[in-house]
Trainee: 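Here's a structure for you.
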Amino acid sequence: MEFNLAQVFSAVAAANPQRDCIVFGHRRFTYAQTAERTRRFARALNSWGFGAHRERAALAPHESGQSHLGLYMANCNEYLEAMLGAYQARVAPFNVNYRYVAEELVYLLGNARADAVMYHARFAPTLAEALDKGQLTGVRLIHVDDGSGNDPLPGAVEYEELLASVSDEPLDVTPSPDDLYVLYTGGTTGMPKAVLWRQNDIYLNAMGGRTYGTGETVTSLDEIVEKSRPEGPGSMTFAPLMHGAAQWAAFIKLCGGRPFVMAPTTTHFDPAEAWSVASRERVVSVSMVGDAFGRPLVDELESGDYDLSGLLVLITGGAALSAPLKQRFIELLPQLTILDAGGSSESGSQMGQVSSRQQSASGRFAPNPGAVVVSEDMTRILSPGDKEIGWLAQQGLIPLGYLGDPEKTARTFPVIEGIRHSVPGDRARWDADGQIELLGRDSVTINSGGEKIFAEEVEAAIAQHPAVYDVVVTGRPSTRWGNEVVAVVQLAEGEQADADSIIAEAARHLARYKLPKDVVFRDRLQRSPSGKADYRWAKEQAVQGI
């Protein structure tokens with residue numbers, strides 16, 4: 001059997017109607033309430049003529065036959081309701097980065113061929129500018145009140161009024177496993193691109209349809225419903241829902257019959273509030289993105305007083321959590337298991353690295369089913385123990401391609417030894433014991449003096465320095481080396497360190513040729529809302545530091 005996310009959620013909601021489904025601050029929605037609101041939203045989209053207009057069998061991998069809905073919001077219950085309601089109406093929602101300026105929005109909405117945009121009120125001015133600049137006419141607008149005081153844009157309908165205007169009767173529409181899950185990924189270079197997944201494939205890969213550690217997948221709706229019946233604690237995300245890892249964490253819970261929890265403040269990250277909500281809701285796991293979230297969280301944990309005895313798992317996806325921070329978390333919460341979940345928008349959940357009080361992190365990852373390493377020329381699938389540094393790749397449950405881009409689709413999803421792979425651009429080595437050593441994204445690899453240096457490896461070494469609060473490593477032009485390694489560093493509050501001591505710490509962990517040639521200090525490093533490094537910004541700072 002194949003699965004559609006709307007059908008899975010509807011079956012789980014019907015089996016557990018009175019259980020908490022979404023907790024957003026102090027707002028609580030049961031599965032029955034969430035199901036009703038998603039049905040109403042689906043009916044509203046359908047009444048506008050939105051849905052699936054061409055089936056997958058008639059489409060190329062880079063094509064969509066569905067209407068597209070942009071979600072231009074911070075975390076909220078409405079975000080998840082809109083995703084589920086869109087799936088019921090066979091509409092493809094897509095994530096919009098709420099830090100984009102108008103010019104970037106023009107590109108994104110045009111690239112996505114957006115039929116509608118659902119937006120938080122505080123983003124109305126930027127959206128209005130983008131619609132005007134891009135001459136984007138005919139786009140339906142859905143206004144979500146967030147207390148900012150901005151009125152709805154001309155022609156926009158308020159979300160709650162829209163729900164109230166339609167019936168909550170189920171649509172006479174049958175969603176398909178072929179319906180799209182669309183995830184825009186900015187990557188580290190170039191313009192954002194939309195990754196197109198079949199809903200069946202993303203559900204089985206990363207949204208709860210596969211058991212972590214065994215690789216076993218569910219085989220029927222009855223099995224999914226039975227697994228959802230036992231009550232259990234909820235989980236919480238600290239990352240924004242516009243980030244794939246946060247969406248996957250949410251749908252694991254929504255499709256598994258457990259509460260999904262979010263903190264109410266969305267204008268900035270408040271670690272004290274985050275721990276307070278986690279403590280109040282007795283969540284069993286939290287998910288975040290790397291050190292950008294980990295540092296303020298562990299600092300608050302050391303200074304605050306929270307009952308987190310029920311918290312057993314901390315998951316970081318999209319960026320690694322450095323070894324010193326892992327150690328601090330485990331010292332403060334000895335029961336905690338930390339999972340570094342490796343993957344990408346193009347590969348889904350690909351591999352994991354576990355650390356705890358009993359098990360130190362090895363720095364290597366255990367592959368999920370289908371994760372392999374292929375040769376640098378992409379002609380061979382390597383075997384464990386091969387010395388060659390190749391490309392991390394994924395077989396099996398992988399995306400269809402990139403929306404509107406057949407060339408990039410062909411490059412990223414090549415056929416190797418007769419098998420279609422996803423090769424997003426991470427360099428890796430496959431060790432003899434089957435573990436995978438992840439070296440870093442090729443697009444931020446620094447070619448210096450004829451050697452390839454992986455930025456993430458240098459960052460991990462510098463993060464061991466006790467005075468370093470945050471670090472991003474990049475390259476800049478050099479007459480002698482072609483490019484030279486530069487570390488852009490933010491020191492912890494009240495700490496002092498010079499470039500020599502930073503480089504000396506790196507030298508304890510790295511070969512000499514990998515060491516930074518310079519260290520540029522900044523009061524604060526720029527990262528995306530999801531916590532990922534902004535390498536473009538870092539390169540600008542490195543060049544300015546000459």
Side-chain angles (χ1 to χ4, degrees), residues 2 56 59-64 92 94-95 177-178 180-190 192-207 209-210 212 215 217 243-245 247-248 317-319 340-352 365-384 388-430 436-445 532:
E2 292 198 314
R56 175 49 50 194
L59 297 166
H62 62 276
E63 293 180 319
S64 166
F94 63 91
N95 53 320
D178 283 333
L180 291 175
Y181 168 75
V182 180
L183 183 63
Y184 265 92
T185 175
T188 50
T189 61
K193 48 195 180 294
V195 183
L196 307 182
W197 286 82
R198 296 177 68 242
Q199 284 190 32
N200 174 77
D201 297 344
I202 191 65
Y203 170 64
L204 293 179
N205 179 303
M207 288 184 166
R210 181 168 64 186
Y212 179 77
T217 58
H243 186 257
Q247 291 185 12
W248 301 347
D340 274 302
S344 69
S345 304
E346 294 92 341
S347 67
S349 179
Q350 200 168 14
M351 54 191 183
F365 290 80
N368 291 343
V372 297
V373 179
V374 299
S375 62
E376 185 170 9
D377 62 5
M378 293 196 200
T379 62
R380 297 173 294 115
I381 302 168
L382 301 182
S383 300
E388 180 180 345
I389 293 177
W391 301 96
L392 180 65
Q394 183 69 29
Q395 304 172 352
L397 299 166
I398 61 174
L400 296 162
Y402 293 116
L403 179 64
D405 197 332
E407 290 79 16
K408 191 178 289 290
T409 295
R411 288 198 302 272
T412 303
F413 303 99
V415 176
I416 303 170
E417 295 187 9
I419 301 170
R420 190 168 181 268
H421 290 74
S422 171
V423 189
D426 287 304
R427 304 306 299 268
R429 184 187 288 113
W430 208 347
I436 291 176
E437 183 183 358
L438 185 62
L439 299 172
R441 179 66 49 143
D442 193 65
S443 58
V444 295
T445 298
K532 290 190 175 183

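In this chain, residues are counted from 1 in sequence order.
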Trainee: Report yes or no: does Q350 contribute a side-chain atom to a donor-acceptor pair with the main-chain N or O of S347 at less than 3.5 Å?
Mentor: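 Checking the backbone N and O of S347 against the side chain of Q350, no donor-acceptor pair under 3.5 Å is found.
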Trainee: Tell me the closest heavy-atom pair linking G401 and R420, and the distance in Å.
Mentor: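 Scanning both residues completely, I find the closest heavy atoms to be N-NH2, 4.3 Å.
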Trainee: Is a salt bridge present between K408 and E346, judged by a nitrogen-to-oxygen distance below 4.0 Å?
Mentor: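 Judged by the 4.0 Å cut-off on N to carboxylate O distance, K408 and E346 do not form a salt bridge.
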Trainee: Examine F413 together with Y402 and report whether their ring centres are nearer than 6.0 Å.
Mentor: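 When the ring centroids of F413 and Y402 are compared, they turn out to be within the sub-6.0 Å range.
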Trainee: Is a donor on one side and an acceptor on the other found under 3.5 Å between the side chain of N95 and the backbone of Y184?
Mentor: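 Yes, because the side chain of N95 sits within donor-acceptor range (under 3.5 Å) of the backbone of Y184.
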Trainee: Once salt bridge (charged side-chain N to carboxylate O under 4.0 Å, His left out) is applied, do any residues pair with R56, and if so which ones, sequence neighbours excluded?
Mentor: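 Checked R56 against salt bridge (charged side-chain N to carboxylate O under 4.0 Å, His left out); zero matches.
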Trainee: State, to 0.1 Å, how close L403 and S64 come at their nearest heavy-atom pair, and which atoms those are.
Mentor: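 Minimum heavy-atom separation between L403 and S64: CD1-CB, 4.0 Å.
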Trainee: Could you tell me whether the side chains of N368 and S349 share a donor-acceptor contact shorter than 3.5 Å?
Mentor: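 Yes, because at least one side-chain N or O of N368 sits under 3.5 Å from a partner of the opposite role on S349.
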Trainee: Just jot down the side-chain contact (heavy atoms from CB on, under 4.5 Å) partners of S383, sequence neighbours excluded, or say none.
Mentor: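 With neighbours one apart ignored, the set is D386.
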Trainee: Measuring only between side-chain heavy atoms, which start at C-beta, is L180 closer than 4.5 Å to Q199?
Mentor: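 No. Closest side-chain heavy atoms not under 4.5 Å.
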Trainee: Which heavy atom of H243 sits nearest a heavy atom of G317, and at what distance?
Mentor: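 Smallest interatomic distance, heavy atoms only, reads CE1-O, 3.9 Å.
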Trainee: Look up atom OG in S422 and atom CG in L397, then write down how far apart they are to the nearest 0.5 Å.
Mentor: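 The OG atom of S422 sits 11.5 Å away from the CG atom of L397.
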Trainee: How far does CD1 of I398 sit from CD1 of I202, to the nearest 0.5 angstrom?
Mentor: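 The CD1 atom of I202 is 11.5 Å from CD1 of I398, to the nearest 0.5 Å.
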Trainee: Looking at every heavy atom in both V182 and A194, which two are closest together, and how far apart are they?
Mentor: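 For V182 and A194, the tightest heavy-atom pair comes out as CG1-CB, 3.9 Å.
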Trainee: Give me the atom names and distance for the closest heavy-atom approach of V373 to A428.
Mentor: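 Closest approach of V373 to A428: CG1-O, 3.8 Å.
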Trainee: How about S345 and V195: do any of their side-chain heavy atoms sit closer than 4.5 Å?
Mentor: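 SC-SC contact between S345 and V195 confirmed.
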Trainee: Considering only heavy atoms from C-beta outward, does the side chain of R380 approach that of E388 to under 4.5 Å?
Mentor: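 R380 vs E388: side chains touch.
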Trainee: Find out whether L183 and Y181 are in side-chain contact, i.e. whether some heavy atom of one side chain is under 4.5 Å from a heavy atom of the other.
Mentor: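 Result yes, sub-4.5 Å side-chain heavy-atom pair found.
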Trainee: Is there a side-chain contact between R427 and R441 in this structure, where contact means two heavy atoms from C-beta onward sitting under 4.5 Å apart?
Mentor: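 No, every pair of side-chain atoms sits at 4.5 Å or beyond.
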Trainee: Taking side chain as C-beta onward, heavy atoms only, is P192 less than 4.5 Å from T185?
Mentor: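 Not touching, per the 4.5 Å side-chain cut-off.
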Trainee: Got a second to check how far L438's CG is from F365's CZ, nearest 0.5 Å?
Mentor: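 Reported to 0.5 Å precision, the distance equals 5.5 Å.
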Trainee: Can you list the residues that meet the salt bridge (charged side-chain N to carboxylate O under 4.0 Å, His left out) rule with R411, with sequence neighbours excluded?
Mentor: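 Scan of R411 (salt bridge (charged side-chain N to carboxylate O under 4.0 Å, His left out), adjacent residues dropped) gives none.
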Trainee: To the nearest 0.5 Å, what is the distance between OG1 on T217 and OH on Y203?
Mentor: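 That separation rounds to 9.5 Å.
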Trainee: List in chain and number order the residues that pass salt bridge (charged side-chain N to carboxylate O under 4.0 Å, His left out) with E2, two or more places apart in sequence or in another chain; answer none if no residue qualifies.
Mentor: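 Scan of E2 (salt bridge (charged side-chain N to carboxylate O under 4.0 Å, His left out), adjacent residues dropped) gives R198.
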Trainee: For R429, which residues count as a salt bridge (charged side-chain N to carboxylate O under 4.0 Å, His left out) partner, sequence neighbours excluded?
Mentor: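 Partners of R429 under the salt bridge (charged side-chain N to carboxylate O under 4.0 Å, His left out) test: E437.
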Trainee: With sequence neighbours left out, write down each residue that passes side-chain contact (heavy atoms from CB on, under 4.5 Å) with H421, or none if nothing qualifies.
Mentor: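 Counting only residues at least two positions away or on another chain, H421 forms a side-chain contact (heavy atoms from CB on, under 4.5 Å) with V372, V374, I381, A393, Q395, I416, I419, V423.
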Trainee: Show the nearest heavy-atom pair for residues P369 and R210, with the distance to one decimal.
Mentor: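 Residues P369 and R210, closest heavy atoms: O-NH1, 3.8 Å.
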Trainee: For the residue pair D426 and L439, establish whether any side-chain heavy-atom pair is separated by less than 4.5 Å.
Mentor: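 No; the side chains remain at least 4.5 Å from each other.
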Trainee: Is any side-chain heavy atom of H62 closer than 4.5 Å to a side-chain heavy atom of D405?
Mentor: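 No, their side chains stay 4.5 Å or more apart.
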